[in-house]
Every structure is written in C-alpha cells, then in structure tokens.
Amino acid sequence: MKEELKAQGVVYTDMETALKEYESLVKEHFMKCVPVNDHKFVALHGAVWSGGSFVYVPKGVKVDIPLQSYFRLNSPESGQFEHTLIIVEEGASLHFIEGCSAPKYNNINLHAGCVELYVKDNAYLRYSTIENWSKNMLNLNTKKAIVRKKCTN
C-alpha cells in the first residue's frame with residue numbers, strides 16, 4: 001500500500017522525516033493555522049514539540065483507505081507534544097484516523113499536542129481522533145483547520 005500511495009504522490013511520514021525531505025512544504029504550513037501566540041499551551045508545544053504525523057495529498061488524488069497514526073505516552077510524570085500536519089490539495093480526498101492514549105499512572109501527565117489541517121478548494125478531509133486518557137492526564141490538545149471553499153458544480 002505504501003508504494004501505491006507513493007506512486008500517486010501522497011506523502012505519509014513522521015514529522016522529523018517531513019522536515020528533512022519536504023522542508024519547504026512543512027515551513028509553509030507549520031504553526032500557521034495554530035500560531036504559537038494562540039495561548040500558552042500552544043507556545044509550550046511550539047517550543048518542545050517532538051514526533052507526529054505529516055500527510056500531503058496532491059491535487060486530485062483520492063486516497064481510498066483511511067491512514068492511521070497512534071501515539072502513546074509511556075512514561076509517568078511526562079508530557080506528549082506530537083504535531084500532526086495534514087495538507088489536502090484541491091480536489092483531493094483523505095480519511096485520517098489518529099489515536100492517543102496512556103496507561104493510568106499515579107502522577108499527573110500532560111498531553112499538549114497540536115493538529116493543523118489544511119483543506120484546499122473542492123477537497124475532502126475526514127479527520128477522526130480517538131483518545132483514551134485516564135483521569136490524571138491533562139489533555140490540552142489544540143486542533144484547528146483552514147478549509148477553503150467547496151465547489152458546487
């Protein structure tokens with residue numbers, strides 16, 4: 001499946017790889033939909049983010065199967081700061097499913113991830129998130145989208 005997506009020009013990788021291999025595309029969109037001065041937890045995220053998912057779907061490409069990412073916080077008294085950046089170009093479509101969880105710890109943990117979604121003209125994105133947190137997890141995730149116009153013809 002990975003080769004089929006690649007042949008269509010779809011990029012689905014981790015954020016660190018995206019920064020190395022698609023630097024200009026990442027820089028054009030990273031922390032623009034959710035600016036670092038939005039609130040203090042976004043500022044913290046912008047300063048210490050690590051990990052995450054990057055998806056780019058070129059113009060007119062329809063991804064037939066859902067793409068999925070899963071993040072798990074595996075250390076007590078820690079934080080999770082993954083960044084998800086999805087760009088769906090004009091006339092393209094994608095379903096993306098993201099999951100986050102952590103086991104129950106005795107101490108407080110912090111999740112301050114960030115999701116930025118860019119949906120261009122006449123494009124379609126179905127973004128689903130499934131989160132399973134215990135009571136001692138502070139979930140301060142920020143998710144925003146910029147959705148362009150939907151053509152009616």
Side-chain angles (χ1 to χ4, degrees), residues 1-2 5-6 9-58 61-89 92-120 123-150:
M1 179 50 61
K2 187 176 180 180
L5 291 172
K6 197 174 187 178
V10 174
V11 177
Y12 177 36
T13 190
D14 60 273
M15 281 299 295
E16 289 85 353
T17 300
L19 257 176
K20 292 175 190 167
E21 296 180 11
Y22 306 95
E23 181 181 355
S24 63
L25 197 53
V26 172
K27 283 186 175 183
E28 179 183 344
H29 295 87
F30 186 80
M31 301 303 290
K32 302 292 191 306
C33 183
V34 180
V36 293
N37 62 354
D38 212 25
H39 56 78
K40 65 183 175 182
F41 296 106
V42 170
L44 173 63
H45 172 86
V48 300
W49 74 273
S50 63
S53 297
F54 177 80
V55 181
Y56 174 79
V57 183
V61 173
K62 310 247 185 271
V63 179
D64 294 328
I65 61 160
L67 301 182
Q68 302 176 46
S69 289
Y70 173 71
F71 302 100
R72 181 177 167 92
L73 190 142
N74 281 323
S75 301
E77 297 181 349
S78 62
Q80 185 177 51
F81 304 94
E82 88 282 347
H83 195 95
T84 299
L85 177 57
I86 300 174
I87 305 159
V88 183
E89 292 288 357
S93 68
L94 171 69
H95 180 193
F96 187 81
I97 304 168
E98 185 169 70
C100 297
S101 71
K104 184 176 181 181
Y105 293 116
N106 293 327
N107 299 319
I108 299 295
N109 292 286
L110 172 64
H111 178 253
C114 185
V115 176
E116 296 185 288
L117 309 173
Y118 294 88
V119 184
K120 306 293 176 81
Y124 174 84
L125 172 62
R126 179 178 176 190
Y127 172 83
S128 306
T129 185
I130 302 162
E131 297 179 3
N132 186 15
W133 303 118
S134 61
K135 291 179 182 178
N136 60 350
M137 174 61 80
L138 299 175
N139 183 19
L140 303 169
N141 206 5
T142 302
K143 300 176 184 188
K144 289 189 179 183
I146 294 176
V147 180
R148 308 301 294 195
K149 68 181 179 180
K150 176 75 174 169

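These numbers were taken from a predicted model, which means no experiment stands behind them. Below, each value reflects all heavy atoms present in this structure, side chains not excepted, and no hydrogens, waters or symmetry copies.
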Give a yes or no on this: more than 12 heavy atoms of other residues, nucleotides or ligands lie within 6.0 Å of atom CG of N107. yes
Please find the pair of heavy atoms, one from S134 and one from P103, that lie closest to each other, and give the distance. OG-O, 4.0 Å
Looking only at heavy atoms, the pair that brings F71 and S53 closest together is CZ-OG, 3.5 Å
Separation between CG of L140 and CZ of F41, rounded to the nearest 0.5 Å: 5.0 Å
Verify side-chain contact (heavy atoms from CB on, under 4.5 Å) between H39 and T142, making sure each step is shown before the conclusion. CA-CA 10 Å; H39 56 78; T142 302; 3.0 Å; yes
Reported CD1-to-NZ distance for the pair I146 and K32, which is rounded to 0.5 angstrom: 10.5 Å
Are L44 and L110 close enough, and set up right, to give a side-chain contact (heavy atoms from CB on, under 4.5 Å), and what steps lead you there? CA-CA 11 Å; L44 173 63; L110 172 64; 3.9 Å; yes
I'd like to know if the side chain of K144 reaches the main chain of C114, judged simply by a donor and an acceptor atom lying under 3.5 Å from each other, with no hydrogens or angles considered. no
Out of curiosity, S24 OG to H29 NE2, how far, rounded to the nearest 0.5 Å? 10.0 Å
Can you check side-chain contact (heavy atoms from CB on, under 4.5 Å) on M31 and W49, steps first, answer last? CA-CA 11 Å; M31 301 303 290; W49 74 273; over 6 Å; no
Quick one: do the S69 and Y12 side chains pair a donor with an acceptor below 3.5 Å? yes
Trace of the side-chain contact (heavy atoms from CB on, under 4.5 Å) decision for N136 with N106: CA-CA 7 Å; N136 60 350; N106 293 327; 5.7 Å; no
Looking only at heavy atoms, which two atoms of V42 and V36 are closest? And how far apart? CG1-CA, 3.7 Å
Any side-chain heavy atom of L67 sitting closer than 4.5 Å to one from L5? yes
Does H45 use its side chain to pair, donor to acceptor, with the backbone of A112 at less than 3.5 Å? yes
Do the side chains of Y70 and I130 get nearer than 4.5 Å, heavy atoms only? no
Closest non-hydrogen atom pair, F54 against D14: CB-O, 4.4 Å
Has the side chain of N109 got a donor or acceptor atom that lies under 3.5 Å from a matching backbone atom of M137? no
T84 and E98 side chains, donor-acceptor separation under 3.5 Å: yes
For the student: nearest non-hydrogen atoms of I97 and P66, plus distance: CD1-CB, 3.8 Å
Backbone N or O of C33 within a donor-acceptor pair of the E116 side chain at under 3.5 Å? yes
Check whether any side-chain heavy atom of Y118 lies under 4.5 Å from a side-chain heavy atom of L125, and answer yes or no. no
Could you check if a side-chain atom of V11 sits within less than 4.5 angstrom of a side-chain atom of E21, using non-hydrogen atoms only? no
Between K27 and E23, does at least one N-O distance fall below 4.0 Å, as a salt bridge requires? yes
CG (L85) and CG (L25) are apart, to the nearest 0.5 Å, by 7.5 Å
Are more than 12 heavy atoms, taken from residues, nucleotides or ligands other than K104, located less than 6.0 Å from that residue's NZ atom? no
Over all heavy atoms of both residues, which pair between V34 and V115 is shortest? Give the atoms and the distance, please. CG2-O, 4.0 Å
Backbone N or O of S75 within a donor-acceptor pair of the Y105 side chain at under 3.5 Å? yes
Does atom CZ (R148) have a neighbourhood of more than 12 heavy atoms from anything else shown, all under 6.0 Å? no
Mind telling me whether Y127 and F96 have parallel, tilted or perpendicular rings, with 30° and 60° as the class edges? parallel
From I87 atom CD1 to K120 atom NZ, the distance as rounded to the nearest 0.5 Å: 6.5 Å
Between CD on residue Q68 and NE2 on residue H95, distance to nearest 0.5 Å: 8.5 Å
